[in-house]
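Notes for the one structure printed next.
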Amino acid sequence: MAKDHETAEHEAADDLESIWLRLLNMVIIAVLMSMASSLLGILTVAQFLIMLFNQREPNEQLAEIGTTMGVWMAKAARYQTAASEVKPWPWTELD
(Lines give C-alpha, C1' and ligand atoms only; values in the text may rest on other atoms or scores of the structure.)
Protein backbone atom coordinates (compact mmCIF):
# COMPACT_ATOMS: atom_id res chain seq x y z
CA MET A 1 0.00 0.00 0.00
CA ALA A 2 2.80 2.42 0.88
CA LYS A 3 4.51 1.55 -2.39
CA ASP A 4 1.38 2.56 -4.37
CA HIS A 5 1.29 5.88 -2.52
CA GLU A 6 4.97 6.54 -3.35
CA THR A 7 4.35 5.68 -7.01
CA ALA A 8 1.40 8.08 -7.15
CA GLU A 9 3.47 10.88 -5.60
CA HIS A 10 6.30 10.23 -8.07
CA GLU A 11 3.87 10.35 -11.03
CA ALA A 12 2.33 13.59 -9.73
CA ALA A 13 5.80 15.16 -9.44
CA ASP A 14 6.65 14.00 -12.99
CA ASP A 15 3.38 15.46 -14.29
CA LEU A 16 4.09 18.81 -12.62
CA GLU A 17 7.62 18.91 -14.07
CA SER A 18 6.23 17.90 -17.46
CA ILE A 19 3.62 20.68 -17.50
CA TRP A 20 6.29 23.33 -16.71
CA LEU A 21 8.53 21.94 -19.43
CA ARG A 22 5.59 22.14 -21.81
CA LEU A 23 5.10 25.80 -20.84
CA LEU A 24 8.74 26.53 -21.64
CA ASN A 25 8.37 24.80 -25.02
CA MET A 26 5.16 26.74 -25.70
CA VAL A 27 6.87 30.07 -24.98
CA ILE A 28 9.77 29.19 -27.29
CA ILE A 29 7.36 28.09 -30.03
CA ALA A 30 5.31 31.29 -29.61
CA VAL A 31 8.46 33.38 -30.20
CA LEU A 32 9.37 31.26 -33.24
CA MET A 33 5.82 31.61 -34.61
CA SER A 34 6.04 35.38 -34.26
CA MET A 35 9.33 35.41 -36.15
CA ALA A 36 7.87 33.10 -38.82
CA SER A 37 4.89 35.40 -39.24
CA SER A 38 7.17 38.40 -39.79
CA LEU A 39 9.30 36.43 -42.25
CA LEU A 40 6.16 35.33 -44.10
CA GLY A 41 5.18 38.99 -44.50
CA ILE A 42 8.58 39.81 -45.98
CA LEU A 43 8.40 36.81 -48.32
CA THR A 44 4.92 37.86 -49.41
CA VAL A 45 6.10 41.31 -50.44
CA ALA A 46 9.17 39.85 -52.16
CA GLN A 47 7.06 37.31 -54.08
CA PHE A 48 4.64 40.04 -55.17
CA LEU A 49 7.47 42.21 -56.46
CA ILE A 50 8.99 39.26 -58.30
CA MET A 51 5.64 38.49 -59.91
CA LEU A 52 5.13 42.16 -60.77
CA PHE A 53 8.39 42.33 -62.71
CA ASN A 54 8.46 38.74 -63.97
CA GLN A 55 5.24 38.60 -66.00
CA ARG A 56 3.19 37.11 -63.12
CA GLU A 57 5.60 34.17 -62.73
CA PRO A 58 6.26 33.37 -59.06
CA ASN A 59 9.65 32.37 -57.72
CA GLU A 60 9.50 28.60 -57.15
CA GLN A 61 11.92 28.67 -54.23
CA LEU A 62 9.93 31.33 -52.37
CA ALA A 63 6.74 29.37 -53.01
CA GLU A 64 8.35 26.23 -51.56
CA ILE A 65 9.57 28.14 -48.50
CA GLY A 66 6.02 29.40 -47.98
CA THR A 67 4.64 25.88 -48.18
CA THR A 68 7.19 24.59 -45.66
CA MET A 69 6.50 27.49 -43.31
CA GLY A 70 2.76 26.83 -43.54
CA VAL A 71 3.22 23.18 -42.59
CA TRP A 72 5.49 24.17 -39.69
CA MET A 73 3.08 26.82 -38.43
CA ALA A 74 0.18 24.36 -38.55
CA LYS A 75 2.19 21.79 -36.57
CA ALA A 76 3.20 24.49 -34.07
CA ALA A 77 -0.39 25.66 -33.67
CA ARG A 78 -1.56 22.10 -33.00
CA TYR A 79 1.08 21.73 -30.26
CA GLN A 80 0.29 25.15 -28.78
CA THR A 81 -3.40 24.35 -28.48
CA ALA A 82 -2.72 20.80 -27.16
CA ALA A 83 -4.37 19.24 -30.20
CA SER A 84 -1.12 17.29 -30.62
CA GLU A 85 1.81 16.24 -28.47
CA VAL A 86 4.16 16.36 -31.47
CA LYS A 87 6.47 19.36 -31.21
CA PRO A 88 7.45 21.17 -34.42
CA TRP A 89 10.99 21.68 -35.69
CA PRO A 90 13.59 21.96 -34.14
CA TRP A 91 12.40 19.15 -31.86
CA THR A 92 11.26 16.98 -34.79
CA GLU A 93 12.07 16.71 -38.46
CA LEU A 94 10.92 19.55 -40.70
CA ASP A 95 8.14 18.14 -42.88
Smallest separation among heavy atoms of Trp72 and Ile29, with atom names:
CH2-O, 4.4 Å

Using modelled atom types and a 3.5 Å cut-off, is there a donor and acceptor pairing between side-chain atoms of Glu57 and backbone atoms of Met51?
no

Main-chain N/O of Gln61 paired with Asn59 side-chain donor or acceptor, under 3.5 Å:
yes

Enclosure of Trp91 CH2 (heavy-atom neighbours >12, cutoff 6.0 Å):
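Yes, enclosed.
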
Taking atom CG as the centre, does Leu24 end up with more than 12 heavy-atom neighbours from other residues, nucleotides or ligands that are less than 6.0 angstrom away?
yes

Side chain proximity check, Leu39 to Met69, heavy atoms < 4.5 angstrom
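Leu39 reaches Met69 side chain to side chain.
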
For residues 25-52, which residue pairs pass the side-chain hydrogen bond (donor to acceptor under 3.5 Å, both in side chains) check, not counting sequence neighbours?
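Not a single pair qualifies under side-chain hydrogen bond (donor to acceptor under 3.5 Å, both in side chains).
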
Under a single-linkage definition using a 4.5 Å side-chain heavy-atom cutoff for Ile, Leu, Val, Met, Phe, Trp and Tyr, are [X] and [Y] assigned to the same hydrophobic cluster?
X: Trp89; Y: Val71; answer: no
X: Tyr79; Y: Leu23; answer: no
X: Leu94; Y: Met33; answer: yes

[X] [atom1] to [Y] [atom2] distance, which is reported to the nearest 0.5 Å:
X: Arg78; Y: Met73; atom1: CZ; atom2: CE; value: 12.5 Å
X: Ile65; Y: Leu43; atom1: CD1; atom2: CG; value: 6.0 Å
X: Thr81; Y: Met26; atom1: OG1; atom2: CE; value: 8.0 Å

Report the residues that fulfil side chain to side chain donor-acceptor pair (under 3.5 Å) with Thr92, sequence neighbours left out, ordered by chain and then residue number.
Lys75

Does Glu85 have any side chain to side chain donor-acceptor pair (under 3.5 Å) partners at least two apart in sequence or in another chain, and if so, which?
Arg22

